[in-house]
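Quantities reported herein were computed from a predicted structural model and do not represent experimental measurements.
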Amino acid sequence: MFKEDTLSGKTILITGGGSGLGLAMAKAFAHTGADIAICGRTEEKLEKAVKEIEKERDGAVARYYQCDVRDYDGVTSMFEQIIDDFGSLEGLVNNAAGNFLSASEDLSPGGFKAIIDIVLHGSFNCTHVFGNYLIDNKKEGNILNMVTTYAEGTGCAFVLPSACGKAGVLAMTRSLAFEWAEYGIRLNAIAPGPFPTEGAWSRLVPKKVMEKKFIEKIPLKRVGEPEELANLAVFLMSDLSSYMTGECVVIDGGERLQAGQFNFIDGLMSRSKLKKLFKAMKAK
Ligand code: HXC
């Protein structure tokens, strides 16, 4: 779908790029011409990821930065170092996240804060530092925020801090898309449905039966492949999407459409029985 030079001339930072969907995006960006910076807390993971990313293209440059996105000063130093190392920075993907399952009445204030700090403050910290760099240097840039399908509309039971944090990130995406359009800065979001990654699945899908239930409620009857999400991210980080800003693109196999009032009928009986029923009703 993309050319080898779709992202050439761009350096992109992916927070939490050492594993999971962050790493899948980093690889896809490198494959399509970008140079890559990734950050995270665990050096071992980052070091291994950088080697994988560099294999994606002859001449691809990837570097890692150990950084906790919750720490504004640490984030500031990281951006300074990245710009020093690469000469410039054109893109940011706020992918680093935290989440766990809990009955909300059992949450500790510290638990709520930990997730909000990573998801909302972490995304703000990186966006604020990157935005100021772009504005000060009169440079155009592109920011992609990873949210979730429950960031808008429904919220989500048992993951309250994540639902609140991601809703905030989506509000930030749209607020700044308007405010920073003046500077040529675009901001978009991706809302993924279920994409099994070690980090998310170990915390959110502890039992096989939950995975089965997940799949049952997805019209396309399967979970997502990281490459499918990465392709969307390449599009949004590239100039192919240059007229898009403030948008949140859902990629969930249709999972969000469950809310359709009569959609449940599909699960009651086979499609052929349903069609017979509809015909009988028509004949009446
Ligand atoms: C209840 C918990 C908890 C749990 C931690 N806490 N885990 N409370 N249930 N399972 C509480 C602790 O008791 C503590 O509260 C506070 O949270 C901070 O915990 P720490 O372990 O000290 O924090 P820290 O080491 O910073 O770890 C942060 C973390 C951890 C978020 C808790 O899980 C983490 O590092 N996660 C990063 C990776 C991740 O979560 N990936 C999944 C993202 S998937 P007190 O009160 O004692 O201070 C995602 C996709 C969503 O977001 C969409 C899916 C479909």
Side-chain angles (χ1 to χ4, degrees), residues 2-17 22 25-40 50 53 56-57 59-65 67 69 71-96 121-147 169-190 230 232-249:
F2 302 109
K3 294 184 189 155
E4 281 180 358
D5 64 352
T6 296
L7 291 177
S8 71
K10 297 185 197 297
T11 299
I12 301 173
L13 165 65
I14 302 107
T15 67
M25 286 188 277
K27 285 178 167 179
F29 296 163
H31 193 78
T32 48
D35 286 332
I36 304 297
I38 56 171
C39 73
V50 154
I53 296 164
E56 286 291 325
R57 190 184 87 242
V61 180
R63 285 175 181 261
Y64 71 84
Y65 301 82
C67 178
V69 293
D71 170 15
Y72 191 88
D73 292 342
V75 165
T76 304
S77 309
M78 172 179 68
F79 274 85
E80 283 168 6
Q81 192 60 54
I82 293 172
I83 290 153
D84 203 41
D85 290 344
F86 288 89
S88 70
L89 185 64
E90 285 72 31
L92 162 68
V93 181
N94 283 307
N95 165 74
H121 291 269
S123 300
F124 168 79
N125 291 344
C126 294
T127 301
H128 191 249
V129 174
F130 183 49
N132 272 298
Y133 156 73
L134 294 172
I135 293 165
D136 289 348
N137 290 281
K138 297 191 169 32
K139 250 180 92 65
E140 296 191 345
N142 195 353
I143 300 173
L144 178 61
N145 293 327
M146 301 308 292
V147 297
V169 173
L170 186 54
M172 184 171 76
T173 308
R174 291 179 174 147
S175 305
L176 291 178
F178 189 95
E179 190 176 336
W180 287 356
E182 162 90 12
Y183 304 116
I185 302 171
R186 295 196 291 128
L187 292 100
N188 290 293
I190 294 180
L232 175 58
V234 170
F235 172 69
L236 290 172
M237 291 308 288
S238 76
D239 298 336
L240 294 168
S241 62
S242 49
Y243 199 49
M244 283 177 76
T245 194
E247 188 53 67
C248 177
V249 184

Got [X] and [Y] here, is their nearest side-chain heavy-atom distance under 4.5 Å?
| X | Y | result |
| --- | --- | --- |
| Leu92 | Ile12 | no |
| Met146 | Val169 | no |
| Asn188 | Cys248 | no |
| Lys139 | Tyr133 | yes |
| Ser88 | Ile83 | no |
| Glu56 | Lys27 | yes |
| Ser238 | Thr32 | no |
| Thr76 | Met78 | no |

Has [X] got a side-chain atom pairing as donor or acceptor with [Y]'s backbone, closer than 3.5 angstrom?
| X | Y | value |
| --- | --- | --- |
| Arg57 | Ala30 | yes |
| Asn132 | His128 | yes |
| Glu90 | Thr11 | yes |
| Ser77 | Asp73 | yes |

Would you compute the distance between atom [atom1] of [X] and atom [atom2] of [Y] and round it to the nearest 0.5 angstrom?
| X | Y | atom1 | atom2 | answer |
| --- | --- | --- | --- | --- |
| Asn142 | Ser241 | CG | OG | 6.0 Å |
| Leu144 | Met25 | CG | CE | 6.5 Å |
| Phe124 | Leu176 | CZ | CG | 8.5 Å |
| Ile53 | Arg63 | CD1 | CZ | 13.0 Å |
| Asn95 | Ser123 | CG | OG | 9.0 Å |
| Ile190 | Thr173 | CD1 | OG1 | 11.0 Å |

Search all heavy atoms of [X] against all heavy atoms of [Y] and return the closest pair with its distance.
| X | Y | answer |
| --- | --- | --- |
| Val75 | Val129 | CG1-CG2, 4.0 Å |
| Cys67 | Cys39 | CB-CB, 4.3 Å |
| Ile36 | Phe86 | O-CZ, 3.4 Å |
| Gly22 | Ile14 | O-CG2, 3.7 Å |
| Gly59 | Asp35 | O-OD1, 4.4 Å |
| Val69 | Ala96 | CG2-CB, 4.3 Å |

| field | Test side-chain contact (heavy atoms from CB on, under 4.5 Å) applied to Ile185 and Glu140, step by step | value | CA-CA 5 Å; Ile185 302 171; Glu140 296 191 345; over 6 Å; no
| How far apart are the C-alpha atoms of Leu232 and Val249, what are their side-chain angles, what is the distance that settles it, and do they pass the side-chain contact (heavy atoms from CB on, under 4.5 Å) test? | CA-CA 9 Å; Leu232 175 58; Val249 184; 3.8 Å; yes
| task | List in chain and number order the residues that pass ring-ring contact (aromatic ring centres under 6.0 Å, His included) with Phe235, two or more places apart in sequence or in another chain; answer none if no residue qualifies. | result | none
| note | Across all chains, not counting sequence neighbours, the ring-ring contact (aromatic ring centres under 6.0 Å, His included) partners of Phe178 are none
| task | Using the side-chain contact (heavy atoms from CB on, under 4.5 Å) rule, take Val234 and Leu7 through it: C-alpha gap first, then chi angles, then the decisive distance, then the call. | result | CA-CA 8 Å; Val234 170; Leu7 291 177; 4.2 Å; yes
| task | Run through Lys10, Arg186, Lys3 and flag the one making a salt bridge (charged side-chain N to carboxylate O under 4.0 Å, His left out) with Asp239. | result | Lys10
| field | Thr15 side chain to Asn94 side chain, donor-acceptor N/O pair below 3.5 angstrom | value | no
| Side chains of His121 and Tyr72: donor-acceptor distance under 3.5 Å anywhere? | no
| field | Under the side chain to side chain donor-acceptor pair (under 3.5 Å) test, residues paired with Gln81 that sit two or more places apart | value | Asp85
| said: I'd like to know whether Val93 forms a side-chain contact (heavy atoms from CB on, under 4.5 Å) with Leu13, so could you lay out the CA-CA distance, the side-chain angles of the two residues, the decisive distance to 0.1 Å, and finally the verdict. | reply: CA-CA 6 Å; Val93 181; Leu13 165 65; over 6 Å; no
